[in-house]
Amino acid sequence: MSRISPKAIFNKILQIDYKTLSIKAILLTFLGMITSILLFTITLFFHQHTLLQNELLYSELRQTVEQNAQQLDQEIEVAKQSVRRLEGYVSILDNPQGTNEDNLNFLKQIMMENLQFENNHYSNYLALEPSKARQYFNRRGYLLVVHKDSALRDTVRYNKPQYMRSRVWEETNYANDPRKFWYYLSKQNQGIQVTPIYIDSDYSELAMLSVSEALYEHRAFKGVVGVSILVDTFFEDIEDKKFGDTGGLFLADYQSGILLTRIAPPSNLRLDFLNATDRNAFTLYSSEMETGYWKTVLNQDINYKEVKSKTGENYTVSSKKLQSLPWTLISYQKTSELKQSREFSLFSVIFLTSALICLFGIMVLVFQQMLILPLRQLLQTAIQLTGHPGEKPVFSQVGVFELRKLAEAFIKIASQLAKVNMEKNECIKRLQNTRNVQTDQTKLLEQRNTDITRLGTEVQNSRSESQKARLQIQKARVEIQKYKLESQRSKVQAEAANQAKTQFLANMSHELRTPMNAIIGYTEMLQEDARERGQDDFIPDLQKIHGASYHLLDLINNLFDMSRLESAKMDLYIETFDITPMIQDVATTITPLLEKQANILKIKCDSALGTMSADLTKVRQNLLNLLSNANKFSQQSTIILTVYRESIDSIDWVIFRVTDQGIGMTAEQIQRLFQAFTQIDSSPTRRYGGSGLGLAITKQFSQIMGGDVIVESQIGQGSTFIMRLPAQVNPIESTS
């Protein structure tokens, strides 16, 4: 038996039909593999798509109920904010500067303006305890209701203050009848209360709910203030909401199961198992309903849950509990309508899969006609060009036959062409090099001649320019010396004048304060003597002298502070103190000035502001100057003092904001606001007094403590002064 070598075995294995490794066979194999992978991918995609559709099928119901529930909570929160504003406005009744009638008219106007921004708000009301009604108005009871005209609800005039009405009831039945939820809920519980829905049978005959808050004075109940919301407008968006042919929303009380909104049957929007055309007339916890099912839906937030009606129709519902009321919002739609979109999506996937398979079949035919057949023709042409016409291809190595033979043929052709092109390029290159050398030499010679001529001209010009520069430098030195002498002389004169002015102000302030203090002391003694002797006629004149003396002493003190600031002799006395008591002390000090202008000071600050290390006297003086300035330009309005802390670039700052509703300032007035002895109203007939030093001193005190004072204002809209001081004042930096 003959022995076969491994090499022979390998050669026999390679002697196979070349067609099995042709481009056509390989292409068909790859197309089959791609088709299999595509079918597998489509199957996997269809499975994942089915799972995703099941998750997204009910997303519209959930999103709708969450958005509308959030909108209802926001409506209640807006009403609570309106009640808080009313609670602050009621303090105008305690204003001693105005009459009861003026204060009441002012309060009515504020209540009308408070109603105009919310379409759902029907009325603002103020109900006083009988004891307070007698104190304020000398009546048995007092119920003030400012409301919109319900006849104008569909017009643009409905929310305008000039078309609103007000009414007062003097009967005390609201204070004696426990059925008046809006009064008794607030009387029994502190904080803001929301009433159930009720019919206002005593006053407006309308269905509404109320948001009210109790008024207290020294922990004693004195009345209720609140906002009434019309049920018709509050439920309007919920009852009119529809999606699809069978989807909509309704609202229910999860404690009692009462259906609060109606589901009107005249439209397609209808639940055949909840045909409720009236509000508060149907309960989901009745024996006819699936009580356990609806208790689960109303008392929990349900993503989606199906229920079957009496007619056998399946509905899908989603619920969301409100945060501010014991209500639950439910969205619903027929399950069959929801799944229609999924069936359409499934049809689209099947259609897309069929289209892709058809495209792959077309691609196979295109490859056959556009690639394989032209490649065979190209191979025959290449064989003829290489000098082997009629040669039958024989596959002798592992590879694709057509590409292998075609590559060999083109390699031979490329080798011959490359040899010819190499010889041609070599000749062209030599000729080009010779021409380039000649051209470069000619250009170099011309450039050298041009450079020699240009250098001669530049040397001559440089000599002329250098001579001129020397003359200019000598002149400039003489001028500079002259200007230095003049500036030094001017500086000495300015410093001498400034020192003389500062010394004069300091001396005059010191010399004037002693006699002014004596005048004030003698005036107080004369007032006491006049009272003891019964000479009351002299007291008003003595009080005027006393007030004028204090005003003049304050002006002298400001002048003394200005002189010390300008002479850089102002010292800081740093001490650590609590911010909140300091603010309360300032508010107590400024109160008499506020009462003269019938203004109200409102303080907004955290009780835990902490401490700060600064010059307490200067901080208090700055706050008094800012509040006094706001009071001077305001009358019968509210001045707001806001204090808070903030950290900027790792530095702890204390911010004081004083906001008034006064006359405001123009941009030109703001630019010269902090200049000493400058008044905003500089006309000969000024309405507002003052020396023009308070704000200038305030700004400089703030700056030497490392802070600053800025102002924001618009003419006719009031002003806001912002004082920023570091919580830890560095005395070395502030006095440097």
Heavy-atom closest pair, residues [X] and [Y]:
| X | Y | value |
| --- | --- | --- |
| Ser613 | Gln728 | OG-OE1, 3.4 Å |
| Thr642 | Ile640 | OG1-CG2, 3.6 Å |
| Thr698 | Asn622 | CA-OD1, 3.4 Å |
| Ser331 | Leu249 | CB-CD2, 3.3 Å |
| Ala614 | Val729 | CB-CG2, 3.5 Å |
| Arg645 | Ala727 | NH2-CB, 3.4 Å |

**Message:** I'd like to know whether CD of Gln323 has more than 12 heavy-atom contacts from other residues, nucleotides or ligands below 6.0 angstrom.
**Reply:**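 Not buried by this count: 12 neighbours or fewer within 6.0 Å.
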**Item:** CD/Gln714: more than 12 non-hydrogen atoms of other groups inside 6.0 Å
**Value:**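 No, CD of Gln714 has 12 or fewer neighbouring heavy atoms, counting only those of other groups under 6.0 Å.
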In the structure I gave you, are the side-chain heavy atoms of [X] and [Y] within less than 4.5 Å of one another anywhere?
| X | Y | value |
| --- | --- | --- |
| Thr316 | Gln333 | no |
| Ile579 | Thr611 | no |
| Tyr644 | Asp606 | no |
| Ile655 | Ile722 | yes |
| Thr434 | Arg430 | no |
| Leu445 | Gln441 | no |
| Gln703 | Phe701 | no |

**Request:** Working to the nearest 0.5 Å, report the span between CD of Gln70 and CG of Asn68.
**Result:**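 Answer rounded to 0.5 Å: 10.0 Å.
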**Request:** Please name all residues satisfying side-chain contact (heavy atoms from CB on, under 4.5 Å) with Asp237, sequence neighbours left out, ordered by chain then number.
**Result:**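 Asp237 satisfies side-chain contact (heavy atoms from CB on, under 4.5 Å) with Gln71 once adjacent residues are dropped.
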Can we say [X] and [Y] salt-bridge, meaning some charged N sits less than 4.0 Å from an Asp/Glu carboxylate O?
| X | Y | answer |
| --- | --- | --- |
| Glu479 | Lys475 | no |
| Arg454 | Glu458 | yes |
| Lys429 | Glu426 | no |

**Message:** For Gln432 and Asn436, which I'm curious about, is there any donor-acceptor pair between the side chains at under 3.5 Å?
**Reply:**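 Yes.
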**Request:** Would you tell me whether Gln474 and Arg477 have side-chain atoms, one donor and one acceptor, within less than 3.5 Å of each other?
**Result:**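 No pair is found: no donor N or O on one side chain lies under 3.5 Å from an acceptor on the other.
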**Item:** With Phe721, the side chain to side chain contact (heavy atoms under 4.5 Å, CB included) member among Ile710, Asn625, Asn629
**Value:**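 Single side chain to side chain contact (heavy atoms under 4.5 Å, CB included) partner of Phe721 among Ile710, Asn625, Asn629: Asn629.
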Donor-acceptor pair, [X] side chain versus [Y] backbone, under 3.5 Å?
| X | Y | value |
| --- | --- | --- |
| Asp615 | Leu572 | no |
| Ser713 | Gly718 | yes |
| Lys320 | Asp301 | no |
| Ser318 | Asn303 | yes |
| Arg724 | Trp653 | no |

Please report, to 0.1 Å, the donor-acceptor pairs under 3.5 Å made by any side chain of residues 657-668, with sequence neighbours excluded.
unit_1 : atom_1 : unit_2 : atom_2 : d
Thr659 : OG1    : Thr720 : OG1    : 3.3
Asp660 : OD1    : Gly662 : N      : 2.9
Asp660 : OD1    : Ser719 : N      : 3.2
Thr666 : OG1    : Gln669 : N      : 3.3

